[in-house]
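These values consider heavy atoms only, across backbone and side chains, with no hydrogens, waters or symmetry-generated copies.
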2 protein chains.
Amino acid sequence: MRERDQDQAPRLRPAPRLMLRESVYESLKRLLMDNALEPGTRLSIDGLARELEVSQTPVREALFRCEAEGLVVRRPNAGYLVAPLLGRDALLDLYDLRLLLEPTAAARAAANATERDRQDIDDAVRAMAPAVHGDSYQAYREFAEEDAKLHGTIANASGNPLIAETLDRLRAHVHSYRLYFRHGIAEVTAGEHQAVSDMIRDHDQTGAEQAMRIHLENSRTRLLAAYDQD
Amino acid sequence: MRERDQDQAPRLRPAPRLMLRESVYESLKRLLMDNALEPGTRLSIDGLARELEVSQTPVREALFRCEAEGLVVRRPNAGYLVAPLLGRDALLDLYDLRLLLEPTAAARAAANATERDRQDIDDAVRAMAPAVHGDSYQAYREFAEEDAKLHGTIANASGNPLIAETLDRLRAHVHSYRLYFRHGIAEVTAGEHQAVSDMIRDHDQTGAEQAMRIHLENSRTRLLAAYDQD
DNA sequence: ATTTCCAATATCGTATCCGATTTTCGGGTG
DNA sequence: CACCCGAAAATCGGATACGATATTGGAAAT
């Protein structure tokens, strides 16, 4: 590593004081979401380390975290693989859990959200509008990221950070995205999102709960349809 | 390459290959549950490494995981601390989430559990009986561990592994245990557990759901009472 | 073509080293 | 006496090198 300072050593501070493991984790997630890696691809620790130009230490920790989130799978003593796409049953399990948490979260958000929360939610809904008409995979990815942000904002507004954290950990948007991309779907959910946002804005708890439930059930149906048509 | 020709017979493995990070993680959890460490105690990485007689690498990964579970907190560039006990609000948040998941899990267990699952649940209930009368902190710990096992078994029987995994990640038993220990409580919950088990055995979904809800609400009330009397 | 063996390769853990930041502690100042 | 400042010590996040063990892919042998 001494030699590398010589051959291309820009004087600029290479210091993204952002905790290298975090940025490695983000890079890895980005790799998965860009669909650059087929499910089943080997993720060699020091291969990634070289590619990202870091040492193995942060890569290990990033993979460790991805494993906990189901984005990669580990074979003992034999490295990591890109996790397979969600199977039909795993998809149902995922939505099952979301349906337990998110409608309740929406209802609580309707009850507890601050004025600023409601504004953030509405902003997030509006931010998604431009993303729905693209066709490139970047458009898909932006859509998924905005969707994640919206659902996260609602969960945060619920007043129970543990719920928000639990949902975040499911990485539902990453899993869904991989499926969406695979099947070439990018449903327009603007109307459903708007409905949830409106209910929260109006402090309508049962309305928000219903709207979120309907949104999730529709989303599940769309993904399942894509599954079955294969 | 030498003696391998001879002994392909069942040789006992000295089991060095059990993933050191896992056992470090278990040791750390044990340390917390033995209440050997006051909340706020510094957990120096290489201090732990020396104490457990391993290198720093597995300690790092174990701490990383404990952090995700809220058992320790990290101060950037300044090490880890034993997490503070759950505050009143965090306790309510935790039970809030459990009340969303566990009654549903119990209902599904009543619907989906195999005969073997029902037997396991009943065994777990029975296993707790001897633990309730001890007075040492070991008795407390065994109680907490058995309780965790019972709730985990029910969640597994629900048929949705994601729900089980999510509950497991909350480490509710560790957090509760630390509170119980601090306040010197060890409630006898045998009756409530038996009720849940009976309902599941009888395939009574709404009964199981109700029984679990009542159990959790009682548990919450007991912990809150301990809080308020301080 | 199937099986056996072996060398290449990768993981997991260890040991060390380094720069950077945090913490601690001692002293000077108001 | 309290407060602030600055240097020393401790420790983190990361890099690198190395060893033991397990997997893997291919060649040799049956």
Under-4.0 Å salt bridge between B:Lys149 and B:Glu142
no

Check this for me: does any side-chain nitrogen of one of B:Arg118 and B:Asp122 sit under 4.0 Å from a carboxylate oxygen of the other?
no

Approximate separation, where rounding is to 0.5 Å, of B:Leu101 CG and B:Leu167 CG:
5.0 Å

Which part of the nucleic acid, if any, lies within contact of A:Thr57, taking any heavy atom under 4.0 Å across all strands shown: a base, the sugar-phosphate backbone alone, or nothing?
base

Of the candidate nucleotides D:dC12, D:dG13, D:dG14, which contains the atom at the shortest distance from the side chain of B:Arg74?
D:dG13

With the side chain defined as heavy atoms from C-beta on, B:Ala78 is closest, among D:dG14, C:dT22, D:dT11, to C:dT22

Using whole Å, what does the distance between atom [atom2] of nucleotide [N] and atom [atom1] of [X] come to?
X: A:Glu61; N: D:dG13; atom1: CD; atom2: P; value: 8 Å
X: B:Tyr80; N: C:dT22; atom1: OH; atom2: C1'; value: 15 Å
X: A:Ile45; N: D:dT21; atom1: CD1; atom2: P; value: 19 Å
X: A:Leu43; N: C:dT9; atom1: CG; atom2: P; value: 20 Å
X: A:Phe64; N: C:dC12; atom1: CZ; atom2: C1'; value: 12 Å
X: A:Gln56; N: D:dC18; atom1: CD; atom2: C1'; value: 12 Å
X: B:Asn77; N: D:dC12; atom1: CG; atom2: P; value: 10 Å
X: A:Asp46; N: C:dA10; atom1: CG; atom2: C1'; value: 8 Å

Side-chain-base donor-acceptor pair under 3.5 Å for A:Arg60 and C:dG13
yes

Check the side chains of B:Asp117 and B:Thr114 for a donor-acceptor pair under 3.5 angstrom, ignoring hydrogens and angles.
yes

Do the side chains of A:Lys29 and A:Glu69 get nearer than 4.5 Å, heavy atoms only?
no

Is there side-chain contact between A:Val59 and A:Val54, with heavy atoms separated by less than 4.5 Å?
yes

For C:dT14, take OP1 and OP2 only and decide whether either is under 4.0 Å from a side-chain N or O of B:Ser55.
yes

Counting only side-chain N and O atoms of A:Arg75, is one of them less than 4.0 Å from OP1 or OP2 of C:dC12?
no

Taking for each residue the nucleotide of DNA chain C with the nearest heavy atom, is it B:Val54 or B:Pro76 whose nucleotide lies nearer the 5' end?
B:Val54

Could you write out each protein N or O paired with an N or O of nucleotides 7-10 of chain D at a distance under 3.5 Å?
none

Using 30° and 60° as the class boundaries, would you call the ring planes of A:His151 and A:His193 parallel, tilted or perpendicular?
perpendicular

